[in-house]
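Worksheet: one structure, shown below.
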Protein chains: 4
Amino acid sequence: MAGADRKAEIRKRAAEVFAEQGYDAASIRDVARAAGLSLAGLYYYYQGKDAILFEIQHEAFRTLLEQHAEALAGVKEPQQKLRRVIDAHLAFFAGNIAEMKVMARESEQLTGKFAEKVGEQRRRYVRLVRGILDEIATHHPLRDVPVPVAVFLLFGMMNWLYTWYDPERDGSPERLANAVHRIFLHGLLGGGRAPE
Amino acid sequence: MAGADRKAEIRKRAAEVFAEQGYDAASIRDVARAAGLSLAGLYYYYQGKDAILFEIQHEAFRTLLEQHAEALAGVKEPQQKLRRVIDAHLAFFAGNIAEMKVMARESEQLTGKFAEKVGEQRRRYVRLVRGILDEIATHHPLRDVPVPVAVFLLFGMMNWLYTWYDPERDGSPERLANAVHRIFLHGLLGGGRAPE
Amino acid sequence: MAGADRKAEIRKRAAEVFAEQGYDAASIRDVARAAGLSLAGLYYYYQGKDAILFEIQHEAFRTLLEQHAEALAGVKEPQQKLRRVIDAHLAFFAGNIAEMKVMARESEQLTGKFAEKVGEQRRRYVRLVRGILDEIATHHPLRDVPVPVAVFLLFGMMNWLYTWYDPERDGSPERLANAVHRIFLHGLLGGGRAPE
Amino acid sequence: MAGADRKAEIRKRAAEVFAEQGYDAASIRDVARAAGLSLAGLYYYYQGKDAILFEIQHEAFRTLLEQHAEALAGVKEPQQKLRRVIDAHLAFFAGNIAEMKVMARESEQLTGKFAEKVGEQRRRYVRLVRGILDEIATHHPLRDVPVPVAVFLLFGMMNWLYTWYDPERDGSPERLANAVHRIFLHGLLGGGRAPE
DNA sequence: AATGAATGAGTATTCATTCAT
DNA sequence: GATGAATGAATACTCATTCAT
């Protein structure tokens with residue numbers, strides 16, 4: 001298990017480096033240095049730069065999906081579900097800022113098998129949220145916004161965080177989740193005329 | 001003026017290349033090829049790779065700010081203003097998809113003078129939107145969402161487009177603008193309780 | 001044409017480097033240095049190490065096949081043809097010692113398209129010699145040695161040169177050709193019993 | 001003695017790897033894997049890559065020289081001796097194809113002490129064959145071919161095998177030995193005029 | 001206005017080898 | 001006997017950029 005721990009630590013440091021410099025601009029030397037390893041030492045753990053990026057994204061999605069499963073356990077009401085999902089998403093992002101940046105910005109860097117696997121997770125995650133919106137939509141008409149579009153607008157609000165969010169200045173993830181949930185849900189379901 | 005035209009065309013092609021491959025991954029050779037120029041020929045027009053990226057972003061912001069000025073001319077009502085701004089933003093993005101990707105994804109690549117100038121435009125643009133929200137907020141309380149946060153959530157909905165938007169599948173920019181405007185405004189201002 | 005000349009010179013120097021150190025052991029830096037170019041400068045002319053090896057082999061076979069065509073022009077008698085072919089082969093090898101070494105020793109290094117093209121030339125060359133032996137065999141029985149085997153034994157005598165031949169010590173290519181021709185032809189066709 | 005057995009097996013596997021990929025291109029990792037050992041485990045048996053190559057060549061020459069001694073025991077007639085030597089050489093090569101390839105192709109890779117020792121064996125082996133040819137030459141004039149050259153032409157016929165010989169297609173080593181012996185001896189000693 | 005030729009600095013990756021256990 | 005973990009040095013190759021023409 002020591003090996004797995006070491007890999008987790010390398011992943012953490014690599015995510016920080018990728019978050020700060022960008023995946024392409026970051027050199028594998030920077031990653032090695034940040035991990036406290038020699039260049040060649042790093043390759044003992046990871047077969048290449050893309051394998052590291054893959055595992056960062058794969059692990060992040062794994063955790064995210066896992067936490068969603070927990071967050072939804074026992075919840076029946078669809079609006080409650082949505083709230084929980086937003087909470088979990090933002091809590092994860094706020095707690096893993098480097099990983100969030102990497103997920104949001106470097107999602108097109110993977111290729112081949114790596115891209116396939118992460119793409120699959122991503123689609124699964126999107127379907128999960130879409131499912132909840134579909135449930136909500138059966139109770140309340142969505143007023144001119146197709147569900148698939150609504151899903152991506154929601155993700156937009158949340159994922160764009162990586163460009164601006166500063167916990168000190170912008171409040172806790174919970175408050176943020178509150179704002180996102182309120183805007184999104186009232187926005188989608190609210191009264192027909194613009195409020196005055 | 002022929003030179004300016006040529007530069008504009010190079011910028012267009014460069015934006016396409018940067019959009020497809022990413023700024024870092026794209027080589028200046030790719031740009032030259034796409035522009036139908038030799039490598040050295042390209043340097044006659046642009047002093048370097050970053051100068052091209054700079055002008056893509058700078059021109060895009062210039063156009064965006066210009067169009068906002070037009071869009072807001074004579075409009076008094078703050079909610080109307082917001083609608084116009086969202087319209088203009090999405091119309092520009094939908095009409096300049098490559099540039100949009102580059103703006104959204106490569107905003108941290110510039111440094112020095114280039115970064116300063118574009119940063120200034122960006123802040124000016126943000127301030128413009130924030131001003132409108134402030135106006136709105138003086139008429140209606142914003143229910144738990146600080147204006148600065150609201151601004152970035154709005155930009156999130158719009159800028160995240162580059163990861164998913166397909167005009168064929170997701171409808172015209174106008175419809176999209178409608179959805180964004182509706183969600184955002186009703187969301188911010190809508191009734192105190194979750195709608196049922 | 002200047003570019004072609006430059007490439008020819010690079011090829012020559014590269015052949016010397018590959019001959020001395022072996023293709024694998026030679027670094028592309030060594031080749032660049034020998035060619036009087038910077039590392040990157042070399043890549044302006046050749047797309048990679050294997051492209052250089054390919055052109056060395058390809059050009060050598062081209063010349064070899066060309067010279068054989070000349071050498072055989074107007075010759076009718078098969079034994080005469082064989083003599084001419086051996087002469088041409090050894091003359092080429094003695095005059096291009098570095099290329100010879102590279103041809104003999106590095107024939108399995110190429111892959112893909114490169115391997116195909118050179119392999120085709122090689123087979124064409126072998127067929128040419130085999131054709132001559134077939135002609136000879138129709139006049140004289142070959143005494144227990146199948147033509148294909150005979151061909152490779154002949155090539156063995158000639159190609160192994162790269163491991164030992166020193167013009168100063170071992171005589172001119174013509175004398176060598178004489179020896180090879182004599183041994184091979186008398187050996188193949190000579191009397192039934194071992195001479196005493 | 002178990003250690004010696006293990007070393008012999010490693011040598012065998014290493015010879016196969018070197019034969020297939022070439023000494024330079026083969027990595028010591030490949031050798032370890034082929035030998036069923038970890039990388040570090042291999043170093044318990046051999047002090048380095050070159051030590052393995054050395055022992056492959058050294059053992060091969062040792063066996064070759066030993067078998068020649070046996071083959072020549074009690075033989076008086078020089079032409080008989082030559083036949084025995086060719087037989088033994090080809091039998092060994094056909095029975096140790098990987099080693100043969102390595103001997104023929106990688107003879108210049110060793111350096112220092114290793115190169116000296118194997119070089120000494122090689123020279124001893126060459127002298128042995130040269131001695132036999134000298135004996136033959138005292139009975140029969142060699143017609144224009146100096147003995148040293150003749151020796152290398154003979155080795156050429158035999159050592160080039162590694163590039164083409166396929167037992168299925170080209171017949172048994174004995175038949176091959178017959179062909180080589182016949183060509184070489186009749187070629188060297190046969191009648192003054194070209195046979196018609 | 002445009003280019004062919006060239007380069008210094010940098011990239012990801014691989015290799016033979018070592019050493020504590 | 002054997003190995004997991006680690007490394008310094010090297011490799012092929014690419015890049016943004018320049019300059020004489």
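Since the structure is predicted, the reported quantities are computational estimates derived from the model, not experimental observations. Every chain is numbered from 1 and lettered A, B, ... according to where its sequence line falls, protein lines coming before strand lines.
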Less than 3.5 Å apart, any donor N or O on the side chain of Q109(D) or D24(D) sitting next to an acceptor on the other?
yes

Test salt bridge (charged side-chain N to carboxylate O under 4.0 Å, His left out), reference E99(D), set K12(D), R105(D), R62(D), output is K12(D)

Does Y44(D) put a side-chain nitrogen or oxygen below 4.0 Å from OP1 or OP2 of dG1(F)? no

Just wondering, more than 12 heavy atoms not from K117(C) lying within 6.0 Å of its NZ? no

What is the distance from [atom1] of [X] to [atom2] of [N], rounded to the nearest Å?
{"X": "F54(A)", "N": "dA12(E)", "atom1": "CZ", "atom2": "C1'", "result": "20 Å"}
{"X": "I28(A)", "N": "dG10(E)", "atom1": "CD1", "atom2": "P", "result": "17 Å"}
{"X": "Y45(D)", "N": "dT17(E)", "atom1": "OH", "atom2": "C1'", "result": "18 Å"}
{"X": "R29(A)", "N": "dT7(F)", "atom1": "CZ", "atom2": "P", "result": "13 Å"}
{"X": "D50(C)", "N": "dT11(F)", "atom1": "CG", "atom2": "P", "result": "17 Å"}
{"X": "Q47(D)", "N": "dG1(F)", "atom1": "CD", "atom2": "C1'", "result": "18 Å"}
{"X": "L37(C)", "N": "dG8(E)", "atom1": "CG", "atom2": "C1'", "result": "14 Å"}
{"X": "I52(C)", "N": "dC13(F)", "atom1": "CD1", "atom2": "C1'", "result": "12 Å"}

On DNA chain F, more 5' by nearest nucleotide between D24(B) and D30(C) is D30(C)

Result for 5'-nearest mapping on DNA chain F, choosing between K49(B) and S27(C), is S27(C)

Applying the 3.5 Å cut-off to both distances, the Watson-Crick or G-U partner of dT14(F) turns out to be dA9(E)

Paired to dA2(E) by Watson-Crick or G-U wobble criteria (both distances under 3.5 Å) is dT21(F)

Describe the nucleic acid contact of A26(C) in one word from base, sugar-phosphate, nothing, applying a heavy-atom distance below 4.0 Å. sugar-phosphate

Return the orientation label for the F114(A) and F54(A) ring planes: parallel under 30°, perpendicular over 60°, tilted otherwise. parallel

message: Determine whether R13(B) and E16(B) satisfy the following criterion, salt bridge (charged side-chain N to carboxylate O under 4.0 Å, His left out), listing intermediate values before the conclusion.
response: CA-CA 5 Å; R13(B) 300 278 168 257; E16(B) 284 160 14; 3.5 Å; yes

The residue, S38(C) or Y43(B), whose nearest nucleotide of DNA chain E is more 5′ is Y43(B)

